[in-house]
Trainee: 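Can you keep this structure in mind? I'll have questions shortly.
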Amino acid sequence: MSRASVIAIDGAAGSGKSTLARGLALDTRLPYLNTGLMYRALTVAALERGVDPEDEEELAALMSTLRFRLAGADPVELSIEGSTGSPSLGSLTSPEVEATVSTVSRHPRVRALMRDVQRTLGREGAVMEGRDIASVVFPEAPLKIYLVADPAVRTGRRAAERPGERIDDALLARDTIDASVNAFEPQPDAVVIDTTTLDVDATVAAALEIVRARLPEVAT
């Protein structure tokens, strides 16, 4: 498995992974890969086509209708296409998807298929975020960052992103299901950043210091 310039960012929902990963991608000029969106896209496809989120075989088959690639600029990032068209950001973050994505993503075969695609997309280097990037997808990544935050802060961040939704129960349910797939624990060689009291700029600044020390070739 390649040790290309992969920055693996892991952490629970609402810990700040997406914001940090995008910021680091812009600063390092590496592609940005939000692996959570891949599972959300599969969840959207399952809901649209009436596939039972508990049916591992059907979900695995549905994967063949989705195409994942890197595209765009500033930063280069994940593009998702499917037989019904590219899901909108709104559909990917809808309450129905939020309530179902952890069930879809817990199946071993689905995760194995996603892992293979993620490794292909990140083989030349990327800032990749998710729940098992450092432990499963790129265990040889030269830089692993693990984000933690107080549950109340994580809930508040999600509520700010999605006004009008009941976030606390949904986040707790996701934590419970996600933890049954991958324990909320950093890898031994990961750098842990507690974002509870950090704003976006402070979190990115702290991570950039780590990048400069560990991966000076990509630091600006």
Trainee: For residues Val153 and Val204: do they belong to one hydrophobic cluster (side chain heavy atoms under 4.5 Å, members Ile, Leu, Val, Met, Phe, Trp, Tyr)?
Mentor: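 Cluster IDs for Val153 and Val204 differ.
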Trainee: Less than 3.5 Å apart, any donor N or O on the side chain of Arg49 or Thr65 sitting next to an acceptor on the other?
Mentor: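 Thr65 and Arg49 do have a side-chain donor-acceptor pair below 3.5 Å.
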Trainee: Applying side-chain hydrogen bond (donor to acceptor under 3.5 Å, both in side chains), can you list everything that pairs with Glu58, at least two apart in sequence or on another chain?
Mentor: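 If we apply the side-chain hydrogen bond (donor to acceptor under 3.5 Å, both in side chains) test to Glu58, skipping adjacent residues, there are no hits.
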Trainee: Heavy atoms, side chains only, cut-off 4.5 Å: are Ile133 and Ile9 in contact?
Mentor: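 Result no, sub-4.5 Å side-chain heavy-atom pair not found.
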Trainee: When you measure from the side chain of Arg154 to the backbone of Ser15, do you find a donor-acceptor pair of N or O atoms at a distance under 3.5 Å?
Mentor: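 It does not hold such a pair.
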Trainee: Between Lys17 and Ala12 (side chain of the first, backbone of the second, donor and acceptor by atom type, cut-off under 3.5 Å), is there such a pair?
Mentor: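 Checking the backbone N and O of Ala12 against the side chain of Lys17, a donor-acceptor pair under 3.5 Å is found.
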Trainee: What heavy-atom pair brings Val211 and Leu143 nearest, and what distance separates the two atoms?
Mentor: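 Closest approach of Val211 to Leu143: CG2-CD2, 3.6 Å.
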Trainee: Under the criterion side chain to side chain donor-acceptor pair (under 3.5 Å), I'd like the reasoning laid out for Tyr32 against Glu129: C-alpha separation, chi angles, the key distance, then a yes or no.
Mentor: CA-CA 8 Å; Tyr32 164 48; Glu129 54 139 318; 2.7 Å; yes
Trainee: Heavy-atom count check: over 12 atoms from other residues, nucleotides or ligands less than 6.0 Å from Arg214 CZ?
Mentor: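 Incorrect, the count does not exceed 12.
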Trainee: Pro31 versus Val127: any side-chain heavy-atom pair under 4.5 Å?
Mentor: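 With C-beta onward as the side chain, the pair stays apart.
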Trainee: Picking from Leu20, Thr19, Leu147, what satisfies side-chain contact (heavy atoms from CB on, under 4.5 Å) with Thr195?
Mentor: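 Only one option passes, and that is Leu147.
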Trainee: Ignoring hydrogens and geometry, is there a side-chain-to-backbone donor-acceptor pair from Asp10 to Tyr146 under 3.5 Å?
Mentor: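 Absent.
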Trainee: Ignoring hydrogens, what is the shortest heavy-atom contact between Val6 and Pro142? Give both atom names and the distance.
Mentor: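 Residues Val6 and Pro142, closest heavy atoms: O-CD, 3.5 Å.
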Trainee: Do Pro139 and Gln187 have side chains that approach each other closer than 4.5 Å (heavy atoms only, starting at C-beta)?
Mentor: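 The answer is no; the side chains never approach within 4.5 Å.
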Trainee: Please find the pair of heavy atoms, one from Tyr39 and one from Val104, that lie closest to each other, and give the distance.
Mentor: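 Reported closest heavy-atom pair: O-CG1, 4.5 Å.
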Trainee: Tell me, yes or no, whether the heavy-atom count around Glu54 atom CD, taken from other residues, nucleotides or ligands under 6.0 Å, exceeds 12.
Mentor: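 Atom CD in Glu54 is packed in, count exceeds 12.
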Trainee: Carefully, step by step, assess Arg111 and Asp132 under the rule salt bridge (charged side-chain N to carboxylate O under 4.0 Å, His left out).
Mentor: CA-CA 10 Å; Arg111 298 196 72 83; Asp132 61 355; 2.9 Å; yes
Trainee: Val136 and Arg119: which non-hydrogen atoms are nearest, and at how many Å?
Mentor: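 That closest heavy-atom pairing would be O-NH2, 2.8 Å.
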Trainee: Do Val148 and Ile193 have side chains that get closer than 4.5 Å, going by heavy atoms?
Mentor: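 They are not in side-chain contact.
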Trainee: Just so I know, are the side chains of Leu66 and Glu81 near enough to count as touching, which here means a heavy-atom distance under 4.5 Å?
Mentor: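 Leu66 vs Glu81: side chains apart.
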